[in-house]
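Predicted model only: the values in this text are computed from it and were never measured. Atoms within each ligand, like the ligands themselves, are counted from 1 in listed order.
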Amino acid sequence: MSAASLSPLTQAGGVGGGQAPLANRRADFPGLVTADGAPWHYLDTGATAQKPQAVIDATVRAMGADYATVHRGVYGRSARMTLAFEDARRKVARFIGGHEDEVVFTRGATEAINLVAQTWGRTNLRPGDRVLLSLLEHHSNIVPWQLVAEQTGAIIDVCPLTADGRIDLDAAERILTPAHKLVSFAQVSNVLGSVLDTARAARLAHAVGALLLLDGCQAVPRLAVDVAALDCDFYAFSSHKLYGPTGIGVLWARAEILAAMPPWQGGGAMIDRVTFERTTYAPAPARFEAGTPAIVEAIGLGAAIDYVSALGMDALHAHEAALAATLREELRRLNSVTVFGPDDGVGVVSFALDGVHPHDLGTILDEENVAIRAGHHCAQPLMDHLGVPATARASFGLYNDESDIAALLRGIERTKRIFG
Ligand SMILES: Cc1ncc(COP(=O)(O)O)c(C=O)c1O
């Protein structure tokens, strides 16, 4: 297909589909240029988000002039660092509608889900108990449950998807029984962008006495999240997808559930009193945070939350949903592209170009300064279901605009010419 078959707006460097409501923030993100100063069309925010200067500055200050340990020092710098660290926890709590005592800092969403599996799961799951996952889950929300199923004798059930790529809650309703102790679903799919009907998922889980864990990795950077309104029992996400640093994430859990969970890692900071005869543990969240925490990273996460909160999560959501809708529409105009996932998915668009492996597409796009993800996206069961080894995935962040979509479409046209 020639460039002439692209929509006129695309050829002009912009794409139709409505004016995005968020002002252009590219200048806040120093990572969005190539080594030779050209614009970098970064469409891999689903993997990890670029960082705004405000987050970089906050981490540099925390690592430099303000640096000291937390919770232990008797000197002023450490006391101030402790306040800043705990302030970051309060910011997280406010941001997701929870209480600060319910916010456990982890290394990321993966560790947050493993924590639930290894503490709540090992304590509460018995042989024959069941855990319901879905076909679209990230490996981080599959493998921890397989490990705990081996340890406890619990059984994993897999909820199918609707034809357009949502978790099929009609099927979930049929599958769920009182043997189910936990339902663990992604709020937003990292491959399809599909958004879970969380209210119904919570109703269905609670109706059989199961708890609901939401993997909020792809949701928290894209939707306003209120764990109380979601009526979930656990919520997990990673800072680095929310424009914050790597190495820190969050497990939120209902206070009474957290209070009943045993620790999973032992060490400093998680104890009340240690003797060789008997050790008692600190209350949550400290009980789950053994060792010196990720101090700088927590402060960086707090700065990221300040940054996105100032822009407004509703504006971010509208912006990314509009870009994703525009990209889907433009991809469908190229009749050699298969687009996966529902039409109203947010921020993430997976597709396949006929006769071209996604890795080849990704490599050619890289030459055009366009970065997409090509692969199985840590969702191999979903790839098997789609009948492909891999997909190409463009995922948006708050800094993307129509010029990124236009660059992607130009790169796809070039790839098609190369592959004849
Ligand atoms: C839906 C989903 N869940 C879990 C994860 C794991 O996140 P992390 O690797 O930051 O722990 C990811 C990351 O891609 C994800 O997209």
ask   = Backbone or side chain, does any N or O of His240 fall under 3.5 Å from an N or O of ligand 1?
value = yes
inquiry  = Ring-plane angle category for Trp120 and Phe234, please: parallel below 30°, perpendicular beyond 60°, tilted otherwise.
reply    = perpendicular
task = Name all pairs fulfilling the ring-ring contact (aromatic ring centres under 6.0 Å, His included) condition that reach into residues 328-371, sequence neighbours left out, sorted by first residue then second.
result = His357-His359
inquiry  = So, 4.0 Å and heavy atoms of His139: is ligand 1 close enough to count as a contact?
reply    = no
query = Which residue holds the protein heavy atom closest to atom 13 (C) of ligand 1, what is that atom called, and what is the gap in Å?
reply = Lys241 NZ, 2.6 Å
query = What atoms in ligand 1 come closer than 4.0 Å to a heavy atom of Ser238?
reply = 7 (O), 8 (P), 10 (O), 11 (O)
task = Please determine which of Val220, Thr198, Val183 meets the side-chain contact (heavy atoms from CB on, under 4.5 Å) test together with Leu214.
result = Thr198
key: Sub-4.5 Å side-chain heavy-atom contact between Pro262 and Thr123   = yes
query = Do NZ/NE/NH1/NH2 and the carboxylate oxygens of Asp87 and Arg94 come within less than 4.0 Å?
reply = no
ask   = Asn141 near ligand 1, heavy-atom distance under 4.0 Å?
value = no
ask   = Looking at ligand 1, does any of its N/O atoms fall within less than 3.5 Å of an N/O of Thr110?
value = yes
ask   = Is it the side chain, the backbone, both or neither of Ser140 that has a heavy atom closer than 4.0 Å to ligand 1?
value = side chain
remark   = Note: ligand 1 atoms sitting under 4.0 Å from heavy atoms of Asn190 are 1 (C), 16 (O)
query = Out of Glu102, Glu100, Arg89, which one pairs with Pro285 under the side-chain contact (heavy atoms from CB on, under 4.5 Å) rule?
reply = Arg89
ask   = Are Asp197 and Arg203 close enough for a salt bridge, meaning some N to O gap below 4.0 Å?
value = no
message = For atom 16 (O) of ligand 1, what's the nearest protein heavy-atom neighbour? Residue, atom name and distance, please.
response = Gln218 NE2, 2.7 Å
note = The closest protein heavy-atom partner of atom 15 (C) of ligand 1 is His138 CD2, 3.3 Å
inquiry  = Does only the side chain of Asp215 get under 4.0 Å from ligand 1, or the backbone, or both, or neither? Count heavy atoms.
reply    = side chain
Can you give each donor-acceptor pair under 3.5 Å made by side-chain atoms of residues 297-311, sequence neighbours left out, with the distance rounded to 0.1 Å?
{"residue": "Asp306", "atom": "OD2", "partner": "Lys91", "partner atom": "NZ", "Å": "2.8"}
{"residue": "Tyr307", "atom": "OH", "partner": "Asp28", "partner atom": "OD2", "Å": "2.6"}
{"residue": "Ser309", "atom": "OG", "partner": "Ile305", "partner atom": "O", "Å": "2.6"}

